Amino acid sequence: LQPFGEWCNLRPKDAAKMPESAWKLLFYMISWLYGIYLLFFTDYPFFHDPPSVFYGWQRGMEVPTDIAIAYLMQCSFYGHSVYATAYMDTWRKDSVVMLLHHVITLTLIACSYAFRYHNVGILVFFLHDINDIQLEFTKLNVYFKHRGGVYHRLNDVLSNIGCLTFSISWFWFRLYWFPLKVLYATCYSSLQLVPNIPFYFFFNALLLVLTLMNIYWFLYIVLFVAKVLMGQMQEVNDVREYDLEDSRKPTAAKK
């Protein structure tokens, strides 16, 4: 993807970040579409009936092949993401939190598969991947706004639309549906359907930490919207990025 960025004649700083976003967009699109297939085009009733994730639950039960494929994809991706965030991707203000998120997600994926809470995992994947699609789509359009030394209005409009839909869907999927469907099923329904369910506190603690991180990132979204409304920001940009110019100002002032 790097040669493609150079071929499009992107600005150097945009060409450096474009491959990361393009790769993530490709993965999340495939993953989310596969999640739609599992939840809405098969016999799994998990989305419309969240407590059903625990119907017939048994220790060591067989994991269906189609769900195992989703787990293999996600586990591979987040295993790579731990390394990529630390050594490959652009470092941002929330990169430490992002690294923690990847470690917790990888732990949840591996443990939920091992202890047969895979049905819950399918819901979690579906409710989170949609926002990542919109985020990477928006960032790509930001990078492609200025290419070949020319401003492209279409990419600017698409980035604004992507930002708006991203903000709304983040609240709807991660802060409304996630507690309503996933946390309700794991915190309440699980005890009703499987008395003395193992690892109850371990898994719910990790899911609650994931919820707190979703709230933490939502604050960035609120900050961005506030800056736009107050006229402090004229165009869509990633408020998590370090501004190299600003970081040099204190040093210059000292000198």
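The model shown is predicted, which means the values in this text are computed figures rather than measured ones. All residue numbers refer to positions in the sequence shown, counting from 1.
Side-chain atoms of Phe202 and Leu206, non-hydrogen and from C-beta on, do get closer than 4.5 Å to each other. Contact check for Leu106 versus His102: no side-chain heavy atoms found under the 4.5 Å cut-off. Contact check for Tyr28 versus His128: no side-chain heavy atoms found under the 4.5 Å cut-off. Taking 4.5 Å as the limit, every side-chain heavy atom of Val103 sits out of range of all side-chain heavy atoms of Tyr78. The side-chain heavy atoms of Leu108 and Val124, taken from C-beta on, include no pair separated by under 4.5 Å. Under the 4.5 Å side-chain criterion, counting only non-hydrogen atoms from C-beta, Ile197 is in contact with Tyr117.
Take Phe47 and apply the ring-ring contact (aromatic ring centres under 6.0 Å, His included) test, not counting sequence neighbours, and it matches Phe40, Phe126, Trp177. In this structure Tyr216 satisfies the ring-ring contact (aromatic ring centres under 6.0 Å, His included) test together with Tyr220, sequence neighbours excluded. With sequence neighbours excluded, no residue satisfies side-chain hydrogen bond (donor to acceptor under 3.5 Å, both in side chains) with His118. Residues meeting the ring-ring contact (aromatic ring centres under 6.0 Å, His included) test with Tyr83, sequence neighbours left out: Tyr87. In this view, Tyr113 and Tyr71 satisfy the ring-ring contact (aromatic ring centres under 6.0 Å, His included) rule, not counting sequence neighbours.
Of the N and O atoms on the side chains of Asp49 and Tyr55, at least one donor lies less than 3.5 Å from an acceptor on the other residue.
Listed for the Trp23 side chain is no donor-acceptor partner under 3.5 Å among the backbone atoms of Met18. Not a single donor-acceptor pair under 3.5 Å links the side chain of Ser31 to the backbone N or O of Phe27. Between the Asn131 side chain and the Ser169 main chain, a donor and an acceptor come within less than 3.5 Å of each other.
The shortest heavy-atom contact between Phe224 and Cys163 is CE2-SG, 3.0 Å. What you find for Asn141 and Phe137 is that their closest heavy atoms are ND2-O, 2.9 Å. The two residues Lys181 and Pro50 have their closest heavy-atom pair at O-CB, 3.4 Å.
Note on Lys17 versus Glu20: no salt bridge recorded, every NZ/NE/NH1/NH2 to OD/OE distance being 4.0 Å or above. Under a 4.0 Å N-O distance rule, the pair Arg174/Asp132 qualifies as a salt bridge. Salt bridge Asp156/Arg153: absent, no basic N to carboxylate O contact under 4.0 Å.
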Exercise answer: donor-acceptor pairs, residues 188-195 side-chain atoms, under 3.5 Å, sequence neighbours excluded:
{"residue": "Ser190", "atom": "OG", "partner": "Thr186", "partner atom": "O", "Å": "2.5"}

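Taking the six-membered ring where tryptophan is involved, the planes of His80 and Phe77 are tilted, since the angle between them lies from 30° to 60°. Note on ring orientation: taking the six-membered ring where Trp is involved, the planes of Tyr151 and His146 are tilted (angle from 30° to 60°). Ring geometry, Phe4 versus Phe144: the interplanar angle falls from 30° to 60°, so the pair is classed tilted.
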Trp217 and Met98: side-chain contact (heavy atoms from CB on, under 4.5 Å), yes or no, with the steps? CA-CA 10 Å; Trp217 278 309; Met98 184 67 74; 4.0 Å; yes
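Within 6.0 Å of CE in Met29 there are 12 or fewer heavy atoms belonging to other residues, nucleotides or ligands.
Paired with Tyr44 under the rule side-chain contact (heavy atoms from CB on, under 4.5 Å), one option of Val53, Ile122, Asp66 passes, and it is Asp66.
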